[in-house]
Each structure stands twice: as structure tokens, then as C-alpha cells.
Chemist: 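The structure under discussion is supplied below as C-alpha cells; questions concerning it will follow.
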Amino acid sequence: MSWPVLVFDIESIPDVQGLRMLRDAPEDAPDAEVYAQWLQQRKDAGQSDFMPLHLQRVLVISCVFRNAEGLRVHSFVDRDNASEGRVIQNFFNAVDKHTPQLVSWNGGGFDLPVLHYRGLRHGVTADRYWCMGEGGGPDDREFKWNNYISRYHMRHLDLMDLLAMYQPRASAPLDAMAKLCGFPGKLGMDGSKVYEAWLEGKLEDIRRYCETDVMNTYLVYCRFQKMRCGFTEAEYDQEMGFVRQSLEALVPAEPHWREYLDAWL
């Protein structure tokens, strides 16, 4: 198992301002009306009400960062309703700084394409992340054969995609796999409730939910590492104990980790 590891997950909401722009909606039309009209048109056409990826506005990017110094849980959050670009830039700054092993669950199918589109909109830069070995330097040549972009490379490991053997019909939900492995799974919220929670001013609840979800991904990643012999049985047990200890230390400041630990079999 190679360190550092950066496991990530995003939470997003419909970009109604972007929708307004693309549909030439009247400036005085309320956001709720613009969104409701779009939903009705989709329904009338027999289409999904899921917002296209380029119109998914990023609210939170939560990360579990594990290296030789320890384990850290951190979230980049758009708390002023105007900092989506800064949130995405800070995430890619962390990737550029540490060149970590990136780990996600369906990150190749959702999280990263959203970050690409929204980062493009906001003028985000991410030199290391986009390196594919074309520069000619010794570091660049390494990225030719193992980079963050190529689906079958491991520098970004989309656990869901890999475990399903890159067959969408074989994919499994994170919540189910986490619970089947004895981990807590989702607590109190899921992605379908995020927009409603945001409208109710519950941004910190969304942030806490995203953090527990990304911790589920890290724990499933550790189980995967044991399966592929990246961890011995003893090393895996040691890591599980270390994660528990690390989360216990977070409980006084972030009580949601108490609920998470209590739900962990």
C-alpha cells in the first residue's frame, strides 16, 4: 500500500444560475421557478431529473488523507455561496503538492468529471493532476504509464469501477458494500437529499455527511488492500485500530464521529 493516499468525495447541487444562463430565463424569475420548469420539461420528455454533470455545482469536497505521519479528515467547503472555484482549486492544489494515490468510489463516473467541468468554468489550474507524460522530464515519463486521467491506470483508483471490472451493470453502491464489510455506511442522509438540505441552510450537515461517506470509502479501500495483499492480516487490523483511534480524537470537536464509531460493528 503506497502513501500518501487521498480519498475524496464531493457533494453538489443543481447550478440554477448556470441553468438560467443556458435557458435564457428572465432575470426576475425565481430560482425555484427556473428549476421547476426544467424538471417539468424533463418529466414531460420522459427523462431523468438528474442534473447533467456540467451543471452540478460543487458544495463540498471531503478528503481522508493518510500518510506516514497519520490520518487527517478535511473538507473544502463553499460556505459563502460564492467560492466554488476556490474549493476546487484548493483540492487540486493538494493533489499537486502531495502527488497522492487518489481513491474514490465512482470518481471516474461522477466526481472527477464534475470537478473537470466546474474547474474549467472557474479557471482552475492543476498541473500535476493533468500530467500525462508529454513533457519529457523524468517525472513526466513516469506519468505516461501511470497518470490520474487514464481509466486503467492506478494513480487514481476508482474502486467501484475496478471491482466491477469496468462493467457499469456490475457496479455496486458504496453504502451496500460498506455495510456488507461491517462498516457504518451512510448515516442520516444520501445524495438525493443534499439539495433540500442546502435549501434549508444545513450546509454543515452536508459536510458531515460527506466526511462520513469518504471515510466509508477509505475503509473499503483498506479492505481491498488486504484482498490484494497490500496489507497483511495484522497490518489491516492495525490500520483499523488506528482509524478508530484517530476518529475518537475528533469526537470532542466533531460529535458526528461518535455516531459513526457507534455504528461501526
Chemist: Is the backbone of A82 close enough, under 3.5 Å, to the side chain of D78 for a donor and an acceptor to pair up by distance?
Modeler: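 Judged by distance alone, yes, a pair lies under 3.5 Å.
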Chemist: Report yes or no: does D158 contribute a side-chain atom to a donor-acceptor pair with the main-chain N or O of N106 at less than 3.5 Å?
Modeler: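 At least one qualifying donor-acceptor pair exists.
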Chemist: Ignoring hydrogens and angles, tell me if any N or O in the side chain of E134 forms a donor-acceptor pair with the backbone of M132 under 3.5 Å.
Modeler: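 Yes, E134 side chain to M132 backbone: donor-acceptor pair under 3.5 Å.
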Chemist: When you compare the side chain of T125 with that of Q89, does any pair of heavy atoms fall below 4.5 Å?
Modeler: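 Q89 reaches T125 side chain to side chain.
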Chemist: For the pair E204 and R79, find out whether any cationic side-chain nitrogen is under 4.0 Å from an anionic carboxylate oxygen.
Modeler: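 So E204 pairs with R79 through a salt bridge.
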Chemist: Ion pair present between K193 and E200, side-chain N to carboxylate O less than 4.0 angstrom?
Modeler: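 Judged by the 4.0 Å cut-off on N to carboxylate O distance, K193 and E200 do not form a salt bridge.
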Chemist: Could you check whether any side-chain heavy atom of R121 comes within less than 4.5 Å of a side-chain heavy atom of D15, counting everything from C-beta outward?
Modeler: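 They are in side-chain contact.
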Chemist: Does Y260 form a side chain to side chain donor-acceptor pair (under 3.5 Å) with N216? I'd like the steps, not just the answer.
Modeler: CA-CA 10 Å; Y260 188 85; N216 285 324; 2.8 Å; yes
Chemist: Would you call R20-D31 a salt bridge at under 4.0 Å N-O?
Modeler: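 Salt bridge: yes.
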Chemist: In terms of hydrophobic clusters joined by side-chain contacts under 4.5 Å, are L120 and V114 together?
Modeler: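 No; V114 is not reachable from L120 via cluster members.
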Chemist: Can you find a side-chain donor-acceptor pair between Y218 and D9 that sits under 3.5 Å?
Modeler: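 No, D9 and Y218 have no side-chain donor paired with an acceptor closer than 3.5 Å.
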Chemist: Going by an N to O cut-off under 4.0 Å, is there a salt bridge joining E239 and R66?
Modeler: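 Result for this pair is yes, salt bridge flagged.
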Chemist: Do W3 and H98 have their ring centres less than 6.0 Å from each other?
Modeler: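 That pair fails the under 6.0 Å test.
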Chemist: Would you say E142 and N146 are linked by a side-chain donor-acceptor pair, where the criterion is simply a distance under 3.5 Å?
Modeler: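 On atom types as modelled, these side chains do not qualify, holding no pair under 3.5 Å.
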Chemist: Using the ring of each side chain (for Trp, its six-membered ring), is Y152 parallel, tilted or perpendicular to Y166, with breaks at 30° and 60°?
Modeler: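 Y152 and Y166: perpendicular rings.
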Chemist: Do the side-chain N and O atoms of H122 and E84 include a donor-acceptor pair separated by under 3.5 angstrom?
Modeler: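 Checked: H122/E84 side chains pair up, N/O donor to acceptor below 3.5 Å.
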Chemist: Looking at E211 and R208, is there a salt bridge between them, counting it only when a charged N and a carboxylate O are closer than 4.0 Å?
Modeler: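 No, no charged N to carboxylate O under 4.0 Å.
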Chemist: Between F92 and I61, is any pair of side-chain heavy atoms under 4.5 Å apart?
Modeler: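 Heavy-atom side-chain distance check fails, nothing below 4.5 Å.
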Chemist: Are the side chains of E233 and D237 in contact, using a 4.5 Å heavy-atom criterion?
Modeler: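 Yes, side chains in contact.
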Chemist: Measuring only between side-chain heavy atoms, which start at C-beta, is Q40 closer than 4.5 Å to K43?
Modeler: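 A side-chain contact exists here, since the closest heavy-atom pair is under 4.5 Å.
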Chemist: Using 30° and 60° as the class boundaries, would you call the ring planes of F110 and F50 parallel, tilted or perpendicular?
Modeler: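 Answer is tilted, since the angle falls between 30° and 60°.
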Chemist: Look at the aromatic rings of W198 and Y195 and report parallel, tilted or perpendicular, splitting at 30° and 60°.
Modeler: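 Geometry flag for Y195 against W198: parallel rings.
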